[in-house]
Amino acid sequence: MAQTVKQKKQGLANPFGFFRHECESALKAGYSSFQKTSGHGVRDVDIASTLEDPPNPTFGHLATSLSFEVAKAQKKKPIEVARTLAETTRKVATLDLIESIEATEPGYVNFRANLARLTELTLKSIQRDGSEYGLLKTHASEKTVVEHTSANPARPIHIGTAKGALFGDALARLLAARGHSVRTHFYIDDTGRQVAIMAYGYKLLGEPTPEGKPDHFIGKIYSVTATLVEIEELKKRIALLKKTEEADTDISAQTKSLDEWVGIAADLQGKYPKEFDKLSKLISKDPDPEKSIQELIQKYEKKEPDTSALMRRVTRIILTGFDETLRRARIRFDQWDWESDLLWTGRVAELVGQLKESGFTFNKGGALELDVAKAVEKFGLRQILGVSPTFEFPPLTLLRSDGTSLYPTRDIAYTLYKFENAEKVINVIGTEQSLAQFQVKVAFWITGHRKEAEKFLYFPIGHLLLEGQNMSARRGRFVTFDQVLDETVTRAKSEVDRRSPTLPDEIRKRIADRIAISAVRYAILSVDAIKSTNFVWDKVLNFEANSAAFINYAYTRSSGILRKLGKLAEPKKLDLLKDPAEQALVLELSKFPETFARAADDLNPTMLCLYANLLAQRFHEFYEKSDISHVSDNELKWQRVALVLAVRTVLKTLAGLLGLELAERM
RNA sequence: GGGCCGGUAGUCGAGCCAGGACUAAGACGGCGGCCUGCGGAGCCGCAAAUCGUGGGUUCGAAUCCCACCCGGCCCGCCA
């Protein structure tokens, strides 16, 4: 009730929500009157939660199964209870949006909406609120940080990472539209070994200016360098093992690994002969490449000026490439956070200090370990965080014996850092990180950040397979986000060329670009984030199967109608839209505000994808059945046009929320 | 060994948290129809599902509980 009143004040309408609200009030009053005459049934029933969607419109638009519970308590037949309840409810209901209240077998009470009123309310609301229609604002706005993508800056973004990027981006859009103050962060993991290897190779080559796309160029250097260094190391290790007469099994394992790397090296040499040969020569001159890399890592952690400048320089080149890719996919970030800054500003050291003081750490061979199990028992976290009673918590290594930090340690410090300017933090990361993300939470409890622990959300992204197989950067079984975008654009372009040959090429290009990016985004977003998905080229490129094109086509058809009509006129009333196809379409539009609010609150962009698809479907059905531009009755024509305009408005809003781009023509 | 997450027509995939008319959405593929009108990337229809298996709770279970099976992932002084 309070919510509805407040929303009225805000001016954002929720047509179906109003209907639901009327049904709730009526049912509550009807039920209490029912209790007076028929004795007590069920106590403390949450009326609102018994209202559900009936399976089809013949049962009305909302229904309650309350009678079943009451019948059980009173030992009566559900249908008898339903009849009485429908009767008492009918007496007290204000029949504005409610048309009828009826009991049906086997015992439901069905509420039918007054579609004439609902149509008027819905279309007028959309006309009035325009692009804001449906975007109900939360009453608990929170400063929210969404961290996502955070791809390792040593090679191009691949499609597995892209899945997280698309969900993170969509979440941010949804939450912002819901009225939260959202900032997206990209975590630049620049203090690890990979960036050091990359910088090492780049430096050896004399810091060449990138040819082609920067991340692809540097990624190539990284792959070649990493492979060559690994081979050097393995050779040394095997030699050492042989010298010390270690067990044959160890030697054969290392030899097997070496063979594998040599194979990879051969592939790389074939693909990038120039860089490979050059780097091969340069690395062989270095007496100890591994030591050089370790030095880079250590000097960088200490912010040694020359090393820091080099590391940042090369990482920035990669990031330029990332930015280009992300921009193409319509993904943008508010902030780029350098992991190295966490070390330099002392945040990691400070965290480690706090953890040490807590008494939950211990020393193991010079390394500092966090006793996660002890903390879980002490704070009763099994209960609080819902962990199985038999789960054994492994300790977490915070510092190596040489005193340097590990990734999880820095991640805890980073998550705390994100809370410095936010009330809520959402980490969009792969499911393989679930234990690590749990450990972050435990560390929060230990350091007394309980509020943060509560407001810290882990949004898991299911594994993405490539044509049924794991992606492997080493083996070259790896598809970059750029490749996906390129291929999809190419395919879309040839479709547009075929279907709209009369349009100028420049326009066709722009249309293809929009269709392609929408298809890629929809393909990923339309399946639950947590599910492992299989990336199949055919599926992404098949515009018959992909609903993005289907949704866009609804928009294109509506554009065609408007183009045909030219100058538009306002209808006098909105009382002629009585065809079932029209009513079904209006009903769908009326449900958009509730659907949006739920998708945002449940962090579920997939739900909105499905809604967009459903709305487009209803529109296509309407389009097939209803004449518009050539209907002779002018009043009917303009009423239908009002419906078309409303659909366009909501489609555009949906596109904005999901990052789809609609083309007027296709 | 322990844990987390998935398991729904030939394939993909909603519904599961908040049990109810589920006779299970939608799509791809298959089969059959529909263009003298606003663009057929569309519409209409048909066939196709032991909701992983077995128990339990309930008036009622795809949904909740227990056990098990299958698949993915995690349990590093990697990130």
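Residue numbering restarts at 1 for every chain, and letters A, B, ... go by the order of the sequence lines. Excluded from the calculations below are hydrogen atoms, water molecules and symmetry mates; all remaining heavy atoms, backbone and side chain alike, are included.
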Between [X] and [Y], is any side-chain donor less than 3.5 angstrom from a side-chain acceptor?
{"X": "A:Glu339", "Y": "A:Tyr414", "answer": "no"}
{"X": "A:Arg648", "Y": "A:Ser559", "answer": "yes"}
{"X": "A:His61", "Y": "A:Asp53", "answer": "no"}
{"X": "A:Tyr300", "Y": "A:Asp190", "answer": "yes"}
{"X": "A:Ser629", "Y": "A:Lys637", "answer": "no"}

Which is true for [X] with a 4.0 Å heavy-atom rule: it touches a base, it touches only sugar-phosphate, or it touches nothing?
{"X": "A:Lys625", "answer": "nothing"}
{"X": "A:Asn152", "answer": "sugar-phosphate"}
{"X": "A:Phe393", "answer": "nothing"}
{"X": "A:Ala367", "answer": "base"}
{"X": "A:Ala436", "answer": "nothing"}
{"X": "A:Ile628", "answer": "base"}
{"X": "A:Pro106", "answer": "nothing"}
{"X": "A:Ser500", "answer": "base"}
{"X": "A:Gly430", "answer": "nothing"}
{"X": "A:Asn110", "answer": "base"}
{"X": "A:Arg598", "answer": "base"}

Mind listing the closest non-hydrogen atom pair of [X] and [Y] along with its distance?
{"X": "A:Leu464", "Y": "A:Lys163", "value": "CD1-CD, 3.9 Å"}
{"X": "A:Tyr458", "Y": "A:Gln433", "value": "OH-C, 3.8 Å"}
{"X": "A:Thr488", "Y": "A:Leu541", "value": "CA-CD2, 3.5 Å"}

Residue closer to the 5' end of RNA chain B, A:Leu399 versus A:Ser629 (nearest nucleotide):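 In this pair, the answer is A:Ser629.
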Starting from the 5' end of RNA chain B, give me the residue, A:Thr533 or A:Phe59, whose nearest nucleotide shows up first.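 This one resolves to A:Thr533.
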[atom1] gap between [N] and [M], integer Å:
{"N": "B:rC34", "M": "B:rG40", "atom1": "C1'", "value": "10 Å"}
{"N": "B:rA9", "M": "B:rA24", "atom1": "C1'", "value": "11 Å"}
{"N": "B:rC74", "M": "B:rA79", "atom1": "C1'", "value": "14 Å"}
{"N": "B:rC5", "M": "B:rG29", "atom1": "C1'", "value": "29 Å"}
{"N": "B:rC64", "M": "B:rG15", "atom1": "C1'", "value": "16 Å"}
{"N": "B:rG13", "M": "B:rC44", "atom1": "C1'", "value": "23 Å"}
{"N": "B:rU11", "M": "B:rC78", "atom1": "C1'", "value": "38 Å"}
{"N": "B:rA61", "M": "B:rA18", "atom1": "C1'", "value": "15 Å"}

Does B:rC35 adopt a syn or an anti glycosidic conformation, taking syn as a chi angle within 90° of 0?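 What B:rC35 shows is a syn base, its glycosidic angle lying within 90° of 0.
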Treat primed atoms plus P, OP1 and OP2 as sugar-phosphate and everything else as base, then score nucleotides 55-62 of chain B 5' to 3': B for base contact with protein heavy atoms under 4.0 Å, S for sugar-phosphate contact only, - for none. ----B---
Per-nucleotide protein contact string for nucleotides 3-11 of chain B (B base, S sugar-phosphate only, - none; heavy atom under 4.0 Å): SSSSS----
Using whole Å, report how far [atom1] of [X] lies from [atom2] of [N].
{"X": "A:Phe543", "N": "B:rA27", "atom1": "CZ", "atom2": "C1'", "value": "16 Å"}
{"X": "A:Ile561", "N": "B:rG42", "atom1": "CD1", "atom2": "C1'", "value": "13 Å"}
{"X": "A:Asp497", "N": "B:rA41", "atom1": "CG", "atom2": "C1'", "value": "15 Å"}
{"X": "A:Glu432", "N": "B:rC78", "atom1": "CD", "atom2": "P", "value": "18 Å"}

Ionic contact status for A:Lys509 with A:Asp513, cut-off 4.0 Å: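 Salt bridge flag = no for A:Lys509 with A:Asp513.
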Side-chain touch A:His185/A:His148, heavy atoms, less than 4.5 angstrom: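 No, side chains not in contact.
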Of the nucleotides B:rC73, B:rA41, B:rG26, which has the atom closest to the A:Asn470 side chain?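 For the A:Asn470 side chain, the nearest candidate turns out to be B:rC73.
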List for me each residue that meets side-chain contact (heavy atoms from CB on, under 4.5 Å) alongside A:Glu621, sequence neighbours excluded, and say none if there are none.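 In terms of side-chain contact (heavy atoms from CB on, under 4.5 Å), with neighbours along the sequence ignored, A:Glu621 is linked to A:Gln617, A:Arg618.
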How would you list, by chain and number, every residue that makes a side-chain contact (heavy atoms from CB on, under 4.5 Å) with A:Glu377, sequence neighbours excluded?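 Counting only residues at least two positions away or on another chain, A:Glu377 forms a side-chain contact (heavy atoms from CB on, under 4.5 Å) with A:Arg382.
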For A:Thr397, all residues meeting side-chain hydrogen bond (donor to acceptor under 3.5 Å, both in side chains), sequence neighbours excluded: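 A:Thr397 satisfies side-chain hydrogen bond (donor to acceptor under 3.5 Å, both in side chains) with A:Glu369 once adjacent residues are dropped.
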Salt bridge (Lys or Arg N to Asp or Glu O under 4.0 Å) involving A:Lys72 - partner list, sequence neighbours excluded: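 So A:Lys72 forms no salt bridge (Lys or Arg N to Asp or Glu O under 4.0 Å) with any residue.
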Salt bridge (Lys or Arg N to Asp or Glu O under 4.0 Å) involving A:Asp528 - partner list, sequence neighbours excluded: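 In terms of salt bridge (Lys or Arg N to Asp or Glu O under 4.0 Å), with neighbours along the sequence ignored, A:Asp528 is linked to no residue.
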How would RNA chain B look in dot-bracket form, 5' to 3', counting Watson-Crick and G-U wobble pairs with both distances under 3.5 Å and writing | for bases paired to another strand? (((((((..(((.......[.....))).(((((.......))))).....(((((..]....))))))))))))....
Give me the residues of residues 513-528 of chain A where at least one heavy atom lies under 4.0 Å from an atom of RNA chain B, by number, or none.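 Within this stretch, A:Ile515, A:Val527, A:Asp528 sit under 4.0 Å of the strand.
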For RNA chain B, which residues in residues 600-607 of chain A have a heavy atom at a distance below 4.0 Å?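 Nucleic-acid contacts, sorted: A:Asp602.
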Does A:Arg508, at its CZ atom, have more than 12 non-hydrogen atoms belonging to other residues, nucleotides or ligands within less than 6.0 Å?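 More than 12 within 6.0 Å, yes.
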Distances under 3.5 Å between protein N/O atoms and the N/O atoms of nucleotides 43-48 of chain B, please, pair by pair.
unit_1: B:rC43; atom_1: O4'; unit_2: A:Glu624; atom_2: OE1; d: 3.3

Residues in ring-ring contact (aromatic ring centres under 6.0 Å, His included) with A:Phe596, at least two apart?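 Checked A:Phe596 against ring-ring contact (aromatic ring centres under 6.0 Å, His included); zero matches.
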